Each structure stands twice: as structure tokens, then as C-alpha cells.
Amino acid sequence: MSHYHQKSLAELSAMLQRREISSGELTEHFLARLRQYDKTLNSFITVVEDQAMAQAAAADAMLEKGAAGPLTGVPIAHKDIFCTQGIRTSCGSKMLDNFISPYDAAVVSKLKHAGAVMLGKTNMDEFAMGSSNETSYYGPVRNPWDIETVPGGSSGGSAAAVAARLAVAATGTDTGGSIRQPAALCGITGLKPTYGLVSRYGMVAFASSLDQGGPMAQSAEDCALMLNAMAGFDDRDSTSLDRAVPDSVAALDNPIEGLRIGLPAEYFDEGLDVDVRSKIQVALDQYRDMGAELVDIALPNASLSVPVYYVVAPAECSANLSRFDGVRYGYRCEQPKDLYDLYTRSRGEGFGAEVKRRIMVGTYALSAGYYDAYYLKAQQLRHLISDDFKAAFQKVDVIMGPASPGPAFKLGEKAEDPIAMYLSDIYTIAVNLAGLPGMSVPAGFVDNKPVGLQIIGNYFDESRLLNVAHKYQQQTDWHRQIPDAFS
Ligand code: GLN
């Protein structure tokens, strides 16, 4: 059996361009791996073999003509939150189990036009609400590094698929950490871009002021190749930003001597696993050896980010999810007695427990009499959190810390304790509240479980983040490790 899956997106792209392999062979190779391994991992909800092979044939024709780009013919996967024309888009929910999208999300059509081959749609927490991929209607995803543990969430399927090399790269979305935390727990590289850089058009909405799509891949270089194709203004998304997208690939090799790295005291508190802390410290020392300067900083309001998020995100989700009413599309209950029964039973039967909890919290926070006490207060605190970052970026170029307080935890371990689960995102959520870009980069292992280094940048500094991560990856091989059972 060939070892194509051991290569990065950048390497496979070069092999395709040189015609050393065809996209047809490559796609068949990954489909065979999916058939072999995904019964164990459950990282995909839908696999589209025939369409993938047809896209591969079209890609090969482009490559033959010499009209190909860097993603042409590369097999990737989309989180099942992105609408895909003619293909089920479930968002991990029974509510959308029967939903065949009539159109493609912006991200999907951009990657399609770039020539990428779509293998299928990856598993995820229901409506992207979760940190362990255990809230999916389609069952939990398992972490390829230890199948008794969770892959993180909500983009757990994308993370597990890339980590087990069942897809070369994948898309994810990050509302409070859902690209970075699963990337950390699965040992891959993930980037949450600046809010507004990647179009939300056709991305099922969870919390619209926080949701942002981004790439999940083996390396920073691979993420840069994906981001170049995914980013850009879209007038169908009212919060899309109309500005030129810098070429992240071109910036990868920029020198990083003199880079000022801010270390927030709040990200190295007593909640951080001691073994994870020591791995992060090793990575920071390595950056210092590469010529960077480590600067202590403070983000005094960061500790408020989890409570603020758990008002803002449920409030927005309660509004966004009101569209699922059993009338227009999605799940409809059997034999409703009247309209009220149709609404309540369709929603009662179609949504899972975590989604219902969020809708109830959000509806409460937005109701008359409570709005000022909760939602307005949370919005005010959100400003303070953003201001902390603004002040920090006066002094430093990037901020570093852990992406997750601990390595992957056991399936079921936090499933019954929402607060413990919510705290999994303690180091990622502030970035979403501020709208900043952030990454997770593989930085070692604790008991054979991956550790992710988080790198946070100023607005629109994703090229610099990818550059800073790439320099580290040229000196380390954590990102090249493949779990034994999937090598
Ligand atoms: N774990 C967080 C939540 O459940 C973040 C999810 C996300 O980023 N989509 O809301």
C-alpha cells in the first residue's frame, strides 16, 4: 500500500503538479482509508465516493492542461456545518438529518473552485455546541491517539480525520474554540481567522457574532494554502470584511528574530495541567532560542470570558435556532395535532439536550427584565476583554499559551457536567469575544496525547501567525507524528 497519507498537503500538491500521482489515485487511497478506519473513529457523517472520484477526474484534466492551482486534486473534508449542494448538511443534529442543501456555502464553493476534492462531511457536536464531539446525533468521534478519549469539539470529526490521515485537510468552525481545541487534542494545526475574514454564508449559524470558519491541517504551511483559498470578501455575509487578503503562503518564511511574544499570566494559572505547562514551556524556550523575546503580560478580564460567552453565545443561538420550527425544512414530528403541537414536538424531538439547554439559557437572558442584567452586561464585559488584547498588542507581536487546559479526556468523563465541559475552552474563548485570529500548533505529547500551543495575533495578522508557526514546525516534527494505529 502506498504511503501518500504520510505526506503533507504541500508535498502532495507538488507531486500532483509534477504528475507523479493522479488525483484519482490519491482520492481512491483516502477513500480506501476511510472505509478501513472510520468504523473505529466515526469522524465522518457522510462520505461521497462517487462525487469525489468525479471531482478527482476533473482535477486530473486541469492538471493535465497545466491549469491547476495548489489545491487542485487534493482530497479534503468539510465540517458538516457547511452547506453542500445536493448533499446532506446535518450540523450533527437530528433536526437536519434529512436536510439536503440546495446551495453551497461560500467556503465550499471557494474550495471547489480551487480544485479541491471533497471526500465528505465530518462529524461534529450538534450545532457546534460542545467541546468533546459527544453531543452529535451521529454518535461520538474517537481520538485517533487513544480511542477511549474524545477528539475535542465541536470540529472533532475534522480534527480526528486529519490526525488519522483520512483526509489531507479539513474545514472547521470556531465560535469559542472549536477549531483550536480539537486541533490541540488531536495533534494537528488549526487556525481561527479574524472575525469577518472568511465568509459565513452557508455556514449554519450558531452565535453569529462569534462564528468563524477556518482551516485544519497537518501544518501551518498547509493551513496557509487552505486559507488563501477560503478567505475573502463576500457581499452575501453582512459581517464579511471588504479588504485585500494577504498571501499567507508568501509570508511563511519571514524571519522571526526579535518577535515579541506575550505570555499572559492568566493563561498559566492553577487550572493548567502541569505536564501541559511544561511542554508549552519547552516550546517557548525554543522560540527564545530562535531569537524571539518573551514578555510577561496581563489580560485581567480574561477570567470573565467563559461566563460572558455563556450569555452571548446562548442568546444568539436562541435567536438563530428559532428558524427550526418543523414547518420550512428539517425535522417534523409525526401527526401534529395543531400548530403549537407541531412547533413544540418538532423542536422537542429534533434537538438534543445541550442545544435545548442553550436555547433556554439564551431565551431567559434575552427576556424583558433580564436583558440589561445579563446580555447587556455581557456585551460591556466583552469590550473590556477586547481592550485587554488591544493594550497587550501595543507591547507584543503575538501572544502564546496553551490551547487547552489539559490533554484529551476520556469519553463520558465530562459529559454529565456542563460546567466542567465549558471550562475546556477557558483559553480559547476570549479570542472569539475579541474577534482576533488564533491558532493551535502541535507542541509535544503527554502520555502519548498531543499538546497544542496557542498563538494569538492582532486583527488580520493570520499571515504572521502562520509564519511564526511555520518557523517552529521547521525545527520540530510534532506535527508530522501519526498515531501508530493509523500510520
Ligand atoms: N465549546 C464551545 C461551545 O460549546 C465552543 C464551541 C464552538 O466553538 N463552536 O460553545
Side-chain angles (χ1 to χ4, degrees), residues 78-82 91-93 107 122-136 140-141 150-159 170-186 190-193 195 198 200 203-216 305-318 320-321 351-362 365 378 382 403-406 408-409 413-415 417-440 452 454:
H78 285 298
K79 184 177 183 179
D80 208 16
I81 197 168
F82 290 101
C91 217
S93 182
V107 161
T122 57
N123 203 343
M124 55 180 285
D125 279 301
E126 185 178 8
F127 285 102
M129 297 173 197
S131 306
S132 66
N133 219 117
E134 291 167 293
T135 72
S136 170
V141 175
V150 304
S154 63
S155 313
S158 289
T171 54
T173 62
D174 192 313
T175 301
S178 281
I179 288 177
R180 291 161 289 155
Q181 186 257 14
L185 270 44
C186 289
L191 169 75
K192 178 246 174 235
Y195 181 78
V198 170
R200 291 184 296 110
M203 212 172 92
V204 179
F206 161 15
S208 306
S209 76
L210 301 160
D211 299 341
Q212 186 60 198
M216 304 177 78
S305 59
V306 171
V308 167
Y309 175 89
Y310 280 98
V311 173
V312 173
E316 294 184 15
C317 109
S318 74
N320 275 326
L321 271 58
F351 289 136
E354 183 61 28
V355 173
K356 288 179 188 162
R357 175 160 35 235
R358 305 272 180 120
I359 292 173
M360 284 192 280
V361 169
R382 190 173 176 178
S404 163
F409 46 91
E413 188 180 313
K414 299 186 182 176
D417 184 351
I419 304 292
M421 190 70 88
Y422 296 171
L423 288 171
S424 312
D425 297 313
I426 185 131
Y427 302 132
T428 50
I429 278 179
V431 163
N432 300 78
L433 290 168
L436 294 165
M439 285 188 79
S440 179
Q454 185 172 202

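Note that this is a predicted model, so its numbers are computed, not measured. First listed ligand is number 1; within each ligand, the first listed atom is number 1.
By the 3.5 Å distance cut-off applied to N or O atoms, A128 is counted among the residues near ligand 1. Distances between N or O atoms of K79 and those of ligand 1 include no value under 3.5 Å. Note: no N/O pair closer than 3.5 Å links G153 and ligand 1 by distance alone. Taking only nitrogen or oxygen atoms, main chain and side chain alike, M129 does not reach within less than 3.5 Å of ligand 1. Considering backbone and side-chain atoms alike, T173 places every N or O at 3.5 Å or more from each N or O of ligand 1.
In plain terms, the two heavy atoms of N133 and D125 that are nearest each other are N-OD2, 2.9 Å. Shown here for S155 and K79, the closest heavy-atom pair between the two residues is OG-NZ, 2.9 Å.
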Checklist entry - Could you walk me through whether Q181 and S440 pass the side chain to side chain donor-acceptor pair (under 3.5 Å) check? => result CA-CA 7 Å; Q181 186 257 14; S440 179; over 6 Å; no
Next on the checklist: Let's go through L321 and F351 carefully: what are the C-alpha distance in whole Å and the side-chain angles of both, what is the deciding distance for side chain to side chain contact (heavy atoms under 4.5 Å, CB included) to 0.1 Å, and is it a yes or a no?
Outcome noted: CA-CA 10 Å; L321 271 58; F351 289 136; 4.0 Å; yes
Checklist entry - K192 and V198: side chain to side chain contact (heavy atoms under 4.5 Å, CB included), yes or no, with the steps? => result CA-CA 10 Å; K192 178 246 174 235; V198 170; over 6 Å; no
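You'll find the side chain of E134 reaches within 4.5 Å of the side chain of M421, heavy atoms only.
For N123 (side chain) and G156 (main-chain N/O), no donor-acceptor pair under 3.5 Å exists by modelled atom type. R180 places no side-chain N or O within donor-acceptor distance of the main-chain N or O of L191, the cut-off being under 3.5 Å.
Residue contacts with ligand 1 leave out Y422, since none of its heavy atoms falls under 4.0 Å from the ligand. Residue S154 places a heavy atom less than 4.0 Å from ligand 1.
In this structure, the protein non-hydrogen atom closest to atom 1 (N) of ligand 1 is D425 OD2, 2.5 Å.
With ligand atoms numbered from 1 in the order given, ligand 1 contributes 2 (C), 3 (C), 4 (O), 10 (O) to contacts under 4.0 Å with heavy atoms of Y310. For ligand 1, the atoms sitting less than 4.0 Å from at least one non-hydrogen atom of Y309 are 2 (C), 3 (C), 5 (C), 6 (C), 10 (O), numbered in the order shown with element in parentheses.
For T175, heavy-atom contacts with ligand 1 shorter than 4.0 Å involve the backbone as well as the side chain. Residue contacts with ligand 1, taken as heavy atom pairs separated by less than 4.0 Å, do not involve F127 at all.
Nearest-heavy-atom check against atom 9 (N) of ligand 1 across P182, S178, G172 picks out S178. Compare M421, E354, R358 by their heavy atoms: the one nearest to atom 4 (O) of ligand 1 is in R358.
For the residue pair S93 and E126, a side-chain donor N or O sits within less than 3.5 Å of a side-chain acceptor on the partner.
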